[in-house]
Number of protein chains: 6
Amino acid sequence: MIDHLVTFGEALGVVRGRELSRASTAELGTGGAEANVAMAAARSGTPATWLGRVGDDAFGRRVVRELRAEGVTVIARIDPLAPTGLLIKELHPGARTSVSYYRRGSAGSRLDLDDVAALPLTPTTLLHVTGITPALSPEAREATLTAVDRARALGATVSFDVNHRSRLWSAEEASPVHRDLAERADILITGLDEVGLLLPRWSGGSAADAVDALGAAGHHHVIVTAGGAGVAAAEDGERESAEAVPVEVVDTVGAGDAFVGGYLAGLLRGDPLAERLRRGAVLGAAACRHPGDWEGATDLAGVGDADGDPVIR
Amino acid sequence: MIDHLVTFGEALGVVRGRELSRASTAELGTGGAEANVAMAAARSGTPATWLGRVGDDAFGRRVVRELRAEGVTVIARIDPLAPTGLLIKELHPGARTSVSYYRRGSAGSRLDLDDVAALPLTPTTLLHVTGITPALSPEAREATLTAVDRARALGATVSFDVNHRSRLWSAEEASPVHRDLAERADILITGLDEVGLLLPRWSGGSAADAVDALGAAGHHHVIVTAGGAGVAAAEDGERESAEAVPVEVVDTVGAGDAFVGGYLAGLLRGDPLAERLRRGAVLGAAACRHPGDWEGATDLAGVGDADGDPVIR
Amino acid sequence: MIDHLVTFGEALGVVRGRELSRASTAELGTGGAEANVAMAAARSGTPATWLGRVGDDAFGRRVVRELRAEGVTVIARIDPLAPTGLLIKELHPGARTSVSYYRRGSAGSRLDLDDVAALPLTPTTLLHVTGITPALSPEAREATLTAVDRARALGATVSFDVNHRSRLWSAEEASPVHRDLAERADILITGLDEVGLLLPRWSGGSAADAVDALGAAGHHHVIVTAGGAGVAAAEDGERESAEAVPVEVVDTVGAGDAFVGGYLAGLLRGDPLAERLRRGAVLGAAACRHPGDWEGATDLAGVGDADGDPVIR
Amino acid sequence: MIDHLVTFGEALGVVRGRELSRASTAELGTGGAEANVAMAAARSGTPATWLGRVGDDAFGRRVVRELRAEGVTVIARIDPLAPTGLLIKELHPGARTSVSYYRRGSAGSRLDLDDVAALPLTPTTLLHVTGITPALSPEAREATLTAVDRARALGATVSFDVNHRSRLWSAEEASPVHRDLAERADILITGLDEVGLLLPRWSGGSAADAVDALGAAGHHHVIVTAGGAGVAAAEDGERESAEAVPVEVVDTVGAGDAFVGGYLAGLLRGDPLAERLRRGAVLGAAACRHPGDWEGATDLAGVGDADGDPVIR
Amino acid sequence: MIDHLVTFGEALGVVRGRELSRASTAELGTGGAEANVAMAAARSGTPATWLGRVGDDAFGRRVVRELRAEGVTVIARIDPLAPTGLLIKELHPGARTSVSYYRRGSAGSRLDLDDVAALPLTPTTLLHVTGITPALSPEAREATLTAVDRARALGATVSFDVNHRSRLWSAEEASPVHRDLAERADILITGLDEVGLLLPRWSGGSAADAVDALGAAGHHHVIVTAGGAGVAAAEDGERESAEAVPVEVVDTVGAGDAFVGGYLAGLLRGDPLAERLRRGAVLGAAACRHPGDWEGATDLAGVGDADGDPVIR
Amino acid sequence: MIDHLVTFGEALGVVRGRELSRASTAELGTGGAEANVAMAAARSGTPATWLGRVGDDAFGRRVVRELRAEGVTVIARIDPLAPTGLLIKELHPGARTSVSYYRRGSAGSRLDLDDVAALPLTPTTLLHVTGITPALSPEAREATLTAVDRARALGATVSFDVNHRSRLWSAEEASPVHRDLAERADILITGLDEVGLLLPRWSGGSAADAVDALGAAGHHHVIVTAGGAGVAAAEDGERESAEAVPVEVVDTVGAGDAFVGGYLAGLLRGDPLAERLRRGAVLGAAACRHPGDWEGATDLAGVGDADGDPVIR
């Protein structure tokens, strides 16, 4: 039995808008994959905790406020020596987005073993980690591996979303770490374009093919997302897939996180595999309708057969 | 020993701005005295819980989000049959504000004994109530009195802020209820212009005079606020006062609530009386610098000797 | 001969926008079915008068300003004891809209016989009423029926638009009143989904079917609107219909009112039935292009064969 | 007895804001001295009519909408061949304003005898003209003089506000026309800095001195405004003055028009001279609190002893 | 060999937006065909100079700032006696735009021989003129013809874009001037709907037909644009055409100027004819995606096979 | 004789606003001390060049656009591997500002000897450097020293503004570098609170005292700024001082840079020392009236005896 979700990582301030080289104003928000997952899960009714570091600045306060506002329990260390990381998103006509990161030396990248020691892990925890955190710094990498080991030692469940960030490290650097984490995790989530980082001999194929290949490599609970081409999954031999839910796309950043949040919330609720995929697909599609990283997933009106806002509980 | 603050009442959506009869847009926010108190206390580092009802609508979600964002624990019943109450604030040149309320039949006014039963009261609770809630509806009045009685039966501490609202009920209707609550409360907070509602023979005077008169009437822990003329208090025979902290005033709505939140947070921390008054005066002054009801109290930069944001804990 | 339109009812302030639980700002406007009809008619060149009550507040002033700005003659009683009613509109992705009303105890709901006495009725008046006003309060119901009777006694023409509001009263309560008003009216306007409220044995069908059925029930001048499926009408045996004009829909609230305003303006001008339907359909389609309740109907550029703004006269 | 105010002239679209060479957006409004006067008078409860020409464009529609919204009766000829005139106002720090006019060849400058023929003049009319209209074009000059003569022939009252615009014509060109109009008018209103245009031998002095000098020159009803130095007046031998009402000044453009509107409204109401001056001074001061040309005069909250909005009647 | 582009004409301030008769705000920008061409060329990497007159006002400063910001060398005479010309653009639903010009007597229309004397012409200059400048005033017409003659005398290359503006002069007035300039120019650019102004016997046809007809009339280097129907060209007997690049259109004003800027930049770079047309078509399409006159052409992301912003050099 | 100003350093994107932890939007701008100096000088009519590196992103394009718009010649290397540095400015009530920098590893911090090689130095150049650039990275420090040496070798003039940034390096690290640059510079500019970094035995005093002490230490041309307490200077034995110009302060960031730009522009024009100080004080005061880093210095209306905008030349 799993009864709460715990995740950690770097949450970011977001400055986004059109024509940032000329406009007088931009919109403000927050992002970060693990924070996005926690918010999507909490909105879906799951107890969710996010742990991380933020700077002693406005974006740090914003990150904490937004996570709390969405019902996530926040364990945040304020780092007086480093600023909260930033993401600049420029939206172009035609639903194209350019991004710049400011996370080098950021508070969130300085996550370390002291932070991990504060994780509220129990045997009924689902600990969710991504491949972004180990890319941030050597300390953050050590923290990630230690957290996973601690969770496993306690008998907790571990999920891992590859989330390769080519701006933070190369495929060569990242691949061994991704494989290591994938092996230690109970649940493996990967984009179809990331499968090659996990399976050196992977020569391409559909999401369902990738699920089979990862199963053959010993992963018992695998989800492979393929954006507009939908998602496939296998759990202890059961195979399911779901189509992407059609929506008018504004920005796809954060859609994968919303999917994961919905999927894991379903797992905590005890939903069957197909229902988890469907819930994830609805949240992922909704996230695409908004220029922010997670905000779209709070309004499901008219996405597939969903009807309105996820309830506040 | 007191270790957490619990309060309940109606929280409101706020639509505010200048020239609302002509402007294209207005600003959105939230308000409600008890919610404001809880936020000011939580920002000051005190565990704080707010309980209330909201409608199944955007302003209800906003109220819950903002309280959570500020670190308040929220126990909210979603009322599917009534909208969240609203406050319209029009700001005029010269720091003048006009307000209209839309709270007749609102979700928040339908608070009842079922809600009170959900209050997390213990012997170490400080239960804070105001004179607004009993004005909302007969059920809300019964709920208020029952909550106070339950708290007292448990040995909890009760504070009562008169907060007379002449738009909701007349002085004649309100006065007996105010007096009843004042007698049951351990801590009595009142505006200088409300003293006559508590003491029929009160013929005016300073805040210090009012503290003496209320002490003579048997109230052992009394705070009398007088806006720009400062505040006076007495606790078990100790007398203190504090001057108002000078700031550039934008809107005074919510300043009293910020004062109360700061004062009660000091009480929970074990601060001496003078320090509690000073903290309250700083928060109240800060609240006046912002057109919103509580937002100003989150930024203390340059208010008296305060330096910067109250820390997020 | 009819030479001026007179209508009365509750006009509302409107606060509208996206993401109202999170956004910093919202847009302001006005609404109310009868006010919308009067504005659409006045824009179409018809002398039009609106009578109602507003509060002594910014939204009341806004309602009066906007009606006058659109060329409507306003007879407004300022009610010092009640606020102007409000409509909150949240727009979701995909042209979906959520609404909340704040009209319980509002100034507009307090319309009474004194107000009706001020209606400028003559034998050449077209008095337009809706089924919303009798739902607001017992006084407003009495006022509606009295106004219709006074108009008929003078030989004026009466039009009635059913406009059932399920949030204000149940079908059971509403149906006898709707039928009563339909019988007293010379012109009956109804949505296809409201026909069952007028004809207890109605088992569904097209707008043309409903026109026939209402004709069989004794209504000589009937218009049945069916949203995107167009509109059908009969007048003294002549039957006509019009297709909906295709536009990119932003929000459909107020489209019916724009249709009615255009139709009635055509009637005053002496346009033939088919032309009235077409004008109504153009205005209704234009209203759907704007998030506000009536503003879209002021810009007909590119709607069907219309070309630009309705002229200011 | 005078029972309605009639005025005519050019009304303008206004584009205003800070940093117009860099800002992404500016605010929109309307202006024009005679329109401003009519709005201030109508807001004060006086029946007021404005006549003029506007282009078939958005600013023309805006001018008509705003005048109507403020309760002014509008008689506007739509000129398909010329645009509505424009005023660009750039606000600088420190309450300084730069203005640019775009009124050469504008619709409003093409006012002619046909327009004047449409003026609703009666013996009880107060016709108000300014020295701006004759500066716009030869036709407009002829129209102004003809209107004044027609009014006088009917026994109507004529007021004239000098309003010299040095950007439109030189003092040499303007002075004879100003003197001509001053002689034909029953009521003469002038700025202290314009007195030299009326009295060639004027060598300076206070507003009271100017009132005396103009009285000696045969003007029986004279008002001289001196901005922050107040206003002086004489009517049939009675002398009065009023101090300027202190307010926080944002922009002084339009303050004189608001003064005139308030003064003339008082005249129509039969207020004594001193009361008219006070009302004018309050409206003028209120106009200074807003960056727009007339909008400030709609909110009197806290201006002198005024309390809140002028009532809508 | 051509190594720099020189152009001159009137640059305008732009005020644009939706619902300008009601909105509180509008967006600010700049425009003017020659300025737009210079910016598109400079963004494409070509040395470009714009010469003109602006008023001593905010829009004049804006024009100079924007041209410089885009990398254009500016030679501007500040005219203290006339304002910078203005363009008001109202955008309607459905990508429709209404425009009003305020350029009568503007600084830009007062361009004269003194200005022309300041043109930095050399034998390797490409001087670009349009048919708008000779329509502005007699002096501007003389200046245009003189500039062309001077350039030809130096051995420079001259391009002429017809750009007929029916609001500034009639076809009868314009046609001889257009023909005169077309004959003196080395490169002739015309819209398909303008061909009749150049060829009196033109009875219609495709862009390719027009290229042939103009070739037969003696023009050796001709480009004919046909909006959504693409563009055709011939240069010294070589014939090419390009289809319009499909984009979501917001406003087409300025698209032709962007095309010309891209085409001429290609010419300076020595690109082949087909490549010049393609580059022009991409810039023209991009310009349609933005409500401003030139801003869209700075972001080519997703337009045809273009990838991202034109580089700043 | 000096005829042009050359400067180099890191220019930054700026995101600024109030309540950045809660607001929906923020304002965008640019900053960086050397860029600010170049803009203030160019606005004052001095030929000015800025050299630096920017990222291939929106803020990089913004920096280039703004410098060019203000008339500065830009020599910018686009660094594809690093983002443009950022400055986040939060404005608090009471003219207080909090700042966060994101410049670690930024494009601007990667300035190196290749960039310095591109500086357009001649014997008549005034090369201006600050103490910020050597704090950015070892390469940038080497570049700064090399540039100064190259300029001196050519016989150019060098000015150095200390500009100590305690967030970038400690006083211990910085002091030797500051002293080294001060010794090599012809003109030394320092804040009064930075004098101790230059003179180890400095025990405090007025700006005039500091000028004397620095003169005694061998600096022949010294300017010491003291914020609201004015400025003192000495040049070859001549001593002058200027008081600060009183303005309503919004944000003081950038005021020193505006002062320096004005002072150096005066030097290039050949203004006497007192006039240079006055011009600098006016620009510095104007910069304080705007929340941006340099924008205030473009509008001198009402600052001291200045009148309006610095002319565009």
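Labels below follow one simple rule: chain letters A, B, ... track the order of the sequence lines, proteins then strands, and each chain is numbered from 1.
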Winner by heavy-atom pair count (cut-off under 4.5 Å) against chain A, out of F:Gly85, F:Pro83, F:Gly29: F:Pro83
Contact winner vs chain F - A:Gly13, A:Gly17, A:Ala23, A:Ser98, heavy-atom pairs under 4.5 Å: A:Ala23
With a 4.5 Å heavy-atom cut-off (strictly below), which parts of residues 101-116 of chain F touch chain A? List them by number. F:Tyr101, F:Tyr102, F:Arg104, F:Gly105
Take A:Ile88 and F:Leu86 through the test side chain to side chain contact (heavy atoms under 4.5 Å, CB included) and record every step on the way to the result. CA-CA 10 Å; A:Ile88 311 293; F:Leu86 273 189; 3.8 Å; yes
For the backbone of F:Leu20 and the side chain of A:Arg61, can you confirm whether one donor and one acceptor N or O come within less than 3.5 Å of each other? no
If you count heavy-atom pairs under 4.5 Å with chain F, which of A:Ala58, A:Ala26, A:Gly55 comes out on top? A:Ala26
List the atom of F:Arg22, the atom of A:Arg65, and the distance in Å for their closest heavy-atom pair. CG-NH1, 3.2 Å
Residues forming a side-chain contact (heavy atoms from CB on, under 4.5 Å) with F:Ser166, sequence neighbours excluded: F:His164
Please identify each residue that fulfils salt bridge (Lys or Arg N to Asp or Glu O under 4.0 Å) with F:Asp57, with sequence neighbours left out. none
Partners meeting salt bridge (Lys or Arg N to Asp or Glu O under 4.0 Å) with A:Glu27 (sequence neighbours left out): A:Arg16
Let me know if F:Ser100 has heavy atoms under 4.5 Å from chain A in its side chain, its backbone, both or neither. side chain
